[in-house]
Amino acid sequence: MKTKIAFAAALLAATAAFAPQAFAQQSVLRIGLQEDPDMLDPHRARTFVGRIVFKGLCDKLLDIDPELKLVPRLATEWSFSGDGLTLTMKLRAGAKFHDGAPINAAAVKANVDRARTHPESLRRSEVASVAEVTAVDDLTVAFKLRNRDATLLSQLADRAGMLLSPASLDGDVATRPVCSGPYRFVERVQNDRIVLERFADHWEAQNYAFDRIVYRAIPDTTVRLANLRSGELDMIERLAATDIKSAQGDRNLRVVSTPGIGYQGAMLNHNHGDASNNPFGKDKRVRQALSLALDRDVINQVVFEGTHPPTNQPFPSASPYFVKEIEVPKRDVAKARALLREAGVTTPLKLDMMVTNNPVDAQLGQVIQAMAAEAGFDLQLRSMEFATQLRESQQGRFQISRVGWSGRIDPDGNIHQFVTVGGGQNDGRYANPEVDRLLNEARTVYDFAERKKLYDQAIRIITDEVALLYLYNQPWYFALRTNVSGFTVSPDGMIRLAGIRKQ
Amino acid sequence: MWTLIARRVLIAIPTVILVSMFVFGLQHALPGDPILVIAGEERDPEAIERLKEIYRLNDPVPVQYVAWVGQALQGDFGRSMRTGEPVSKLIVQKLPVTIQLAVASMIFALAIGLPAGILAAVRKGTAVDYAASAVALSGLSIPNFWLGIMMILFISVELRLLPASGYVPFFEDPVGAIETLIMPAFVLGGGLAATIMRHTRSAMLEVLRADYIRTARAKGLDERVVINKHALANALVPVITLSTLLFGQLLAGAVLTEQVFTIPGFGKLIVDAVFNRDYGVVQGVVLCTAIGFIFMNLLADVLYIVVTPRLRTG
């Protein structure tokens, strides 16, 4: 300790000459992000963190409120035709792009067409139901659909509904986006910061208080929090579970949170390659045994200090599609052992489990391993870096793979591609024709009650067969300096800048 | 001397080619697939196939290598698959950051390491020697990232003396630059100072035992002249080699220090690129670093000649 003080004193003497420099007096909101965003082209972007930046940079047709209901942005009214095959939207009058061009039906058409056809677009599957976009008049746009699509509106409330200036579409969008949001692009230093400045002509400009927004990527959670504490940041997203208590104890900081819309758990290999040729892949009783062997609340307490509530289904409790009747199973080792006996499995049953090489996943893996061992499972943990894990799962070289999903506002986004045949995330090749039928049909039903019935049935089947192992819900934690006010947390984990102020 | 430099430059060319081949092959041998990374959370199978075609990842690796070299020779290093930024722009953006940090750290390291090493050698076996060795050992054994985080928590969060992070270009705002550089340069330079001190000490000890030093002393020269003029000049040769190599290493980026102080330099760039299998960025940065290393070696050779006249005729 003495040496530390002596060293600090020496340093103090060395630095006394330089008084801490005051930051420029322009109003700036500095936000600490967990990762560096990817391309700033809404049609080619892929990351969660990128969506946070788009909330300032690009406006979109629709948005959601904290209750996950659709609300108007650039589209003020919308309706489906009687047969459900045409979606008509009225656009906001007087809205402008960052280059001054008006936001009109032709611009919407140009954007959605780009999302549908650009070779590097990652939005194609999201708007695959759209056959044609037509500008009915200057401020009315019609989407002709190939088939009824209940997911389309929520896609248009995210990146697929973001509008870029038509004149910029042929240019270098990814590095110089000319968008439509309350702030426009100034500069980007990769792995460091993205700077936006106020767009005075935005239709809602009065709700945005800052001259500049600076997003800084600081992956290390301790360092991110330290920068918030030292005042170099005004707010940070994804506060680590282990830091929540200490941030709450700091009187200069305020911690806010909300349950997320995704889930965390594990993907299981049912029918993909040699790794699935075992009782675990073929017999649901063995998978049920694993699920029963785990005490999800212990996971929450041990790994997440009680902040990550247990779950056993793909929908968050905030969603209207949440199935109340599906309970989180209580741990029952005796029953788990009985199920394994019934299935004729000789224990211990050796299984391979992939986890991502970060401290949280490693701990999670060990907790699962220890609990599963008591029921007769011998989990072999394989810790690997994320890109490798993706590759391994895509090639079916796993029995259990730790995965999470950040969540989509439409229920389809949390379930369809994970359990249907040919689904992009169905690396375990789970296949059940009845589940496929229910989920495909649910995509085409606009009526909430009817749609919910279909999801209820599908979820009963997949939880009974343990298609995936659902473990816990990841909440979003933000920490802000106390002089920042007006931030509303939303279950999608985004930072909407409207109304945020700083004293 | 000029022939020596010319010869060195000629040797450097095949080295650069070999390095680029090696890196290209190695990263393609890594497990993991860049397309799976850039296809995003959804990993739409159709998008994956399309992107593989666009980025020509279905071609055999040698074909990809030749295509890359062809473009690189025209000065086009491609774009980052992750952000779409041109690789050349990233290098131009990060290089000054890395050089600034490297220079500041090296100044720190030499300012502490050289005098400490000389003093320890001259006062061999005394308290000064032991104290210098003890400090050097602790400088080497304290992990960078730990020291960095401790400094941030104490100096930036508690005392609010220095900014916790960031990069300010020296020529835009010298005061701001020095403020942001003090902590990272201390952390990085501290470890290097220890290495430099140890090498200076042993080189000095060796030289001080040499006959010509005894002759110089026997001539009745002042001890200060013996040390500064006769001993130091000769002892510096291995220290220069070491320092240029250390500097070369600093140019490759100091990942942990950059991470802790969020300095957008080469280290962060390349680690991030490797994790995202961002081939173009890895290629471009490694090539740039390799050239930097070769340049530093060349500089070392030239410096030997400057400090030791007998090499000038060779």
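Quick note on labels: first sequence line is chain A, next is B, and so on, each numbered from 1.
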With a 4.5 angstrom heavy-atom cut-off, could you sort out which part of [X] is near chain B: side chain, backbone, both or neither?
X        : answer
A:Ser125 : both
A:Ser121 : backbone
A:Asp427 : side chain
A:Asp36  : both
A:Ala45  : neither
A:Gln417 : side chain
A:Glu35  : neither

Please name the pair of heavy atoms, one in [X] and one in [Y], separated by the smallest distance, quoted to 0.1 Å.
X        : Y        : value
A:Val223 : B:Gln259 : CG1-O, 4.4 Å
A:Pro219 : B:Lys268 : CD-NZ, 4.3 Å
B:Gly84  : A:Ala174 : CA-CB, 4.4 Å
B:Ala164 : A:Asn227 : CB-OD1, 3.5 Å
B:Gln93  : A:Arg188 : NE2-O, 3.3 Å
B:Val157 : A:Ala226 : CG2-O, 3.5 Å

**Item:** Contacts of type side-chain hydrogen bond (donor to acceptor under 3.5 Å, both in side chains), residue A:Arg382, not counting sequence neighbours
**Value:**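 Testing A:Arg382 for side-chain hydrogen bond (donor to acceptor under 3.5 Å, both in side chains), a comparison that skips the adjacent residues, returns A:Asp352, A:Glu392.
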Hey, which of [options] has the most heavy atom pairs under 4.5 Å with chain A?
options                     : answer
B:Leu153, B:Val97, B:Val260 : B:Val260
B:Tyr55, B:Phe261, B:Tyr167 : B:Tyr55
B:Ile263, B:Ile38, B:Asp272 : B:Ile38

**Item:** side chain to side chain contact (heavy atoms under 4.5 Å, CB included) evaluation trace for B:Ile35 with A:Arg391
**Value:** CA-CA 10 Å; B:Ile35 299 301; A:Arg391 183 77 182 163; over 6 Å; no
Do [X] and [Y] get their side chains close enough for a donor-acceptor pair, meaning under 3.5 Å?
X        : Y        : result
B:Thr262 : A:Arg216 : yes
B:Arg277 : A:Thr388 : yes
B:Thr83  : A:Asp38  : no

**Request:** Inspect the contact between B:Lys94 and A:Asp192 and indicate whether a charged nitrogen and a carboxylate oxygen are less than 4.0 angstrom apart.
**Result:**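 Salt bridge between A:Asp192 and B:Lys94, a charged N being under 4.0 Å from a carboxylate O: no.
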**Prompt:** CG/A:Leu122 to CG/B:Asp44 distance, rounded to the nearest 0.5 angstrom?
**Reply:**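 Between A:Leu122 CG and B:Asp44 CG, I get 8.0 Å after rounding to 0.5 Å.
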**Distance (rounded to the nearest 0.5 Å) between A:Ser230 OG and B:Leu159 CG** =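 Result: 12.0 Å between the selected atoms.
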**Asked** Given the options A:Glu126, A:Gln389, A:Gln425, A:Gln190, which has more heavy-atom pairs under 4.5 Å with chain B than any of the others?
**Response**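 Highest number of pairs under 4.5 Å: A:Gln190.
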**Asked** If you count heavy-atom pairs under 4.5 Å between each of A:Thr47, A:Thr175, A:Val403, A:Asn191 and chain B, which one has the most?
**Response**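 Heavy-atom pairs under 4.5 Å are most numerous for A:Asn191.
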**Request:** State whether the side chain of A:Arg193 and the backbone N or O of B:Pro264 hold a donor-acceptor pair below 3.5 Å, judged by distance alone.
**Result:**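 Checked: no pair found.
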**Asked** Short question: side chain of A:Glu232, backbone of B:Ser156 - any donor-acceptor pair under 3.5 Å?
**Response**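 No; zero donor-acceptor contacts below 3.5 Å.
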Segment of [X] engaging chain A (4.5 angstrom heavy-atom cut-off):
X       : value
B:Leu36 : both
B:Ile48 : side chain
B:Glu85 : both

**Residue list, salt bridge (Lys or Arg N to Asp or Glu O under 4.0 Å) with B:Glu46, at least two apart or on another chain** =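 For B:Glu46, the residues satisfying salt bridge (Lys or Arg N to Asp or Glu O under 4.0 Å) (neighbours in sequence not counted) are A:Arg124, B:Arg50.
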**Asked** Does the side chain of B:Arg82 come within less than 4.5 Å of A:Arg46's, by heavy atoms?
**Response**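 Yes, side chains in contact.
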